[in-house]
Enquirer: 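Below you will find the structure I want to go over with you.
Letters go in sequence order (proteins before strands), and every chain restarts at 1.
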There are 2 protein chains.
Amino acid sequence: MPQDSPSPADQADRFARAREVQAVALLEDYVEMIGDLIAEMGEARVADIAARMGVAQPTATKAIARLKREGLATSRPYRGVFLTEAGAEMAERVRARHRTVVELLIAVGVPAETAELDAEGIEHHVSDRTLRAFEAFLAAARH
Amino acid sequence: MPQDSPSPADQADRFARAREVQAVALLEDYVEMIGDLIAEMGEARVADIAARMGVAQPTATKAIARLKREGLATSRPYRGVFLTEAGAEMAERVRARHRTVVELLIAVGVPAETAELDAEGIEHHVSDRTLRAFEAFLAAARH
DNA sequence: GCGAAGAAATAGCCTATGCTATATTTTTCG
DNA sequence: CGAAAAATATAGCATAGGCTATTTCTTCGC
């Protein structure tokens, strides 16, 4: 039997947090990818964004509209997509977190390929507190 | 520059997998919770399920309808909810995975409370391969 | 400079997951 | 036993995120 079963309210809070995280996860993925595309190719086109996200082009267009609504990106019709300052900041944070999660997984014995695959979903749920613990663990592991 | 940047197709596959995972995550959460409720209280009522999930009662009813559609649970109007064999099996698997994820997080230095909070979202993205790595790591850590 | 090709936007549809408000059924108790 | 209370179901709505089909705009090449 679990000796520390949480109260229903606590548990509800946990699920509520997981739901909130999930709501921003997509934004994070798009923002990071747009940052990648700009870094690699000089610009982020809707078609490339859609291809990398593995979605149809109108789906990407709709997501970009949401990014604009949330102040993370800008774009003009038939032109490329750009990140706002807030968007670029988010992209950098997400990229760093992704790297740390992959490294942590590898450090505890997950094969590199699997680590990449699982990190894509896991990273969004890694809180700042947990991220710091991961960094400390990795620093210690590196002596 | 990232020396191992994945092909757009590979990356799209990763996102596709993350999306699939997310689609079953809710089912897993409900099934696990229904299992908990039956174990603790002898039965799982819609109102209790809703309270623990932190959602309105009709939302829980709708989710239960989906569980029934997917062959994971059964129920009759105005009566409790029960798990099918498949549902019970899923509940056990999810519960074990949850425990392992929490333990792993704690083992790498995450505070217990934070571990519980983050595990709620992380667990769904932990593949079998990664779960086995976690178990091996924990076994080694315990000597 | 103009027509074809390509890229992006728009229209319209679907499912999942939330919600509130309201009906219905069951349970409880005076 | 019958009415009030509690539990559950249903109706109806919203948003997010998918899709295909179609329109509109830009770009390219002759």
Enquirer: Any salt bridge between A:Asp36 and A:Arg95, counting N to O under 4.0 Å?
Expert: yes
Enquirer: Which is the 5'-most and which the 3'-most nucleotide of DNA chain C that has an atom under 4.0 Å from a heavy atom of chain B?
Expert: C:dA16 to C:dT27
Enquirer: Using heavy atoms and a sub-4.0 Å distance, could you list which residues of residues 26-39 of chain A are near DNA chain D? By number, please.
Expert: A:Leu26
Enquirer: With sequence neighbours left out, which residue pairs that include part of residues 74-87 of chain B fulfil the side chain to side chain donor-acceptor pair (under 3.5 Å) condition?
Expert: B:Lys68-B:Ser75
Enquirer: Please check if the number of heavy atoms outside A:Glu113 that lie under 6.0 Å from its CD is greater than 12.
Expert: no
Enquirer: Give a yes or no on whether B:Val46 and B:Leu27 share a hydrophobic cluster (residues Ile, Leu, Val, Met, Phe, Trp, Tyr; joining criterion: side-chain heavy atoms under 4.5 Å apart).
Expert: yes
Enquirer: Starting from C1' on D:dG17, measure out to CZ on B:Arg19 and report it in whole angstrom.
Expert: 9 Å
Enquirer: Who passes salt bridge (Lys or Arg N to Asp or Glu O under 4.0 Å) against A:Arg14, sequence neighbours left out?
Expert: B:Glu116, B:Glu120
Enquirer: Got a sec, which pairs hit ring pair (Phe, Tyr, Trp, His ring centres under 6.0 Å) with one end in residues 80-125 of chain A, sequence neighbours left out?
Expert: A:His125-B:His125
Enquirer: Please name the residue in the list B:Leu117, B:Leu104, B:Leu105 that meets the side chain to side chain contact (heavy atoms under 4.5 Å, CB included) test with B:Ile122.
Expert: B:Leu105
Enquirer: State the OG1-CG distance between A:Thr114 and B:Leu131, to the nearest 0.5 angstrom.
Expert: 12.0 Å
Enquirer: Sugar-phosphate means primed atoms, P, OP1 and OP2; the rest is base. With that split, encode nucleotides 6-15 of chain D 5' to 3' as B, S or - using protein heavy atoms under 4.0 Å.
Expert: -SBBB-B---
Enquirer: Between the main-chain N or O of A:Glu123 and the side-chain N or O of A:Arg97, is there a donor-acceptor pair closer than 3.5 Å?
Expert: yes
Enquirer: Between B:Arg66 and B:Glu70, does any NZ, NE, NH1 or NH2 come within less than 4.0 Å of an OD or OE carboxylate oxygen?
Expert: yes
